[in-house]
Student: 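I'd like to ask some things about the structure below.
Residue indices begin at 1 and follow the sequence shown.
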Amino acid sequence: MDKFIDYIKQYVQLSEEAEIAIRNVFSKKEYAKGELLSEEGKTCNHLYFLQEGAIRSFFYLNGKDITHWIYLENFVLTSWTSYIMRKPSTEYLETTEDSVIISINYDQMQELYKQYPELERFGRLILEEQIAMMDEFFKGYYFLSAKEKYELLTNAMPQITQKANLGHIASMLGISQETLSRIRGK
């Protein structure tokens with residue numbers, strides 16, 4: 001839990017009471033590779049902090065598995081639209097390696113927001129950061145060649161090539177695995 005507390009402290013100053021509440025309410029669990037945290041058609045009720053491991057969000061389009069995003073260690077994540085809007089998810093969240101995850105359910109998080117303004121600020125700052133990062137990535141993404149897409153991804157998330165499956169990376173970039181292999185070979 002200390003790693004998560006330290007992560008929060010990068011964004012806000014935590015009161016002792018808020019830190020105690022986090023330690024009491026958030027739970028830590030180990031997940032095996034391939035476990036689903038969220039599924040299409042079900043409302044995602046948890047906010048996650050990925051302490052160790054890797055998670056991908058994906059969906060099916062015409063029967064094909066499409067990776068939307070890959071999350072690495074020290075990231076707050078969820079099936080954002082489902083979690084925030086309280087509606088069934090259109091994606092899956094899957095561990096792509098053994099992972100250690102700290103989580104809290106939606107109602108508990110809302111209570112913490114009410115009780116501790118610094119946690120509400122933390123939540124807002126995390127959302128702003130993730131929206132900006134994804135916005136920048138996807139705006140550039142549409143106008144780039146396959147090689148430029150890969151370079152954008154590796155510049156934004158350098159450790160991704162060591163942690164993520166190449167098929168998932170290729171899917172996320174909208175290129176074939178063969179094209180990705182050629183780009184990496186150069």
Student: Report yes or no: does Ser89 contribute a side-chain atom to a donor-acceptor pair with the main-chain N or O of Thr43 at less than 3.5 Å?
Tutor: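 Such a contact is absent between Ser89 side chain and Thr43 backbone.
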Student: Is it true that a side-chain atom of Thr179 and a backbone atom of Gln177 form a donor plus acceptor pair closer than 3.5 Å?
Tutor: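 Answer holds: no.
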Student: Any salt bridge linking Lys33 with Glu94? Criterion: basic side-chain nitrogen under 4.0 Å from a carboxylate oxygen.
Tutor: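 Salt bridge absent between Lys33 and Glu94.
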Student: Do Ile169 and Ile175 touch side chain to side chain, with heavy atoms closer than 4.5 Å?
Tutor: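 Ile169 does not reach Ile175 side chain to side chain.
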Student: Does a side chain donor of either Arg56 or Thr67 reach within less than 3.5 Å of an acceptor in the other side chain?
Tutor: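 A pair is found: one side chain offers a donor N or O, the other an acceptor, under 3.5 Å apart.
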Student: Run the ring-ring contact (aromatic ring centres under 6.0 Å, His included) test against Phe75 and tell me which residues pass, sequence neighbours left out.
Tutor: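 Phe75: ring-ring contact (aromatic ring centres under 6.0 Å, His included) contacts with Tyr71.
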Student: Other hydrophobic cluster members with Tyr92, side-chain heavy atoms of Ile/Leu/Val/Met/Phe/Trp/Tyr under 4.5 Å, chained?
Tutor: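 Grouped by the 4.5 Å side-chain rule, Leu36, Phe58, Tyr60 form the rest of the cluster around Tyr92.
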Student: Hey, are Thr154 and Glu151 close enough side-chain-wise for a donor-acceptor pair under 3.5 Å?
Tutor: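 Looking only at side-chain atoms, Thr154 and Glu151 do not form any donor-acceptor pair under 3.5 Å.
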Student: Under 3.5 Å, side chain of Glu73 to main-chain N/O of Gly53, donor-acceptor pair present?
Tutor: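 Indeed, once roles are kept as given, a pair shorter than 3.5 Å links the two residues.
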Student: Tell me which donor-acceptor pairs under 3.5 Å the side chains of residues 10-19 have, and how far apart each pair is, sequence neighbours excluded?
Tutor:
residue: Tyr11; atom: OH; partner: Glu129; partner atom: OE1; Å: 3.0
residue: Tyr11; atom: OH; partner: Glu129; partner atom: OE2; Å: 2.8
residue: Ser15; atom: OG; partner: Ala18; partner atom: N; Å: 3.1
residue: Ser15; atom: OG; partner: Glu118; partner atom: OE2; Å: 2.7
residue: Glu19; atom: OE1; partner: Lys9; partner atom: NZ; Å: 3.4
residue: Glu19; atom: OE2; partner: Arg23; partner atom: NH2; Å: 3.1

Student: Flag the pair Arg124 and Glu120 as a salt bridge only when some basic side-chain nitrogen lies within less than 4.0 angstrom of an acidic carboxylate oxygen.
Tutor: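 A salt bridge is absent here (no side-chain N lies under 4.0 Å from a carboxylate O).
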Student: For Tyr83, is there any backbone N or O sitting under 3.5 Å from a side-chain donor or acceptor partner on Thr78?
Tutor: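 Not confirmed, Thr78 side chain does not pair with Tyr83 backbone.
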Student: Looking at Ser82 and Cys44, would you say the former's side chain and the latter's main chain have a donor-acceptor pair under 3.5 Å?
Tutor: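 Flag set: sc Ser82 to bb Cys44 pair under 3.5 Å.
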Student: Look at the side chain of Lys163 and the backbone N and O of Ala54, then say whether any donor-acceptor pair between them is shorter than 3.5 Å.
Tutor: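 It does not hold such a pair.
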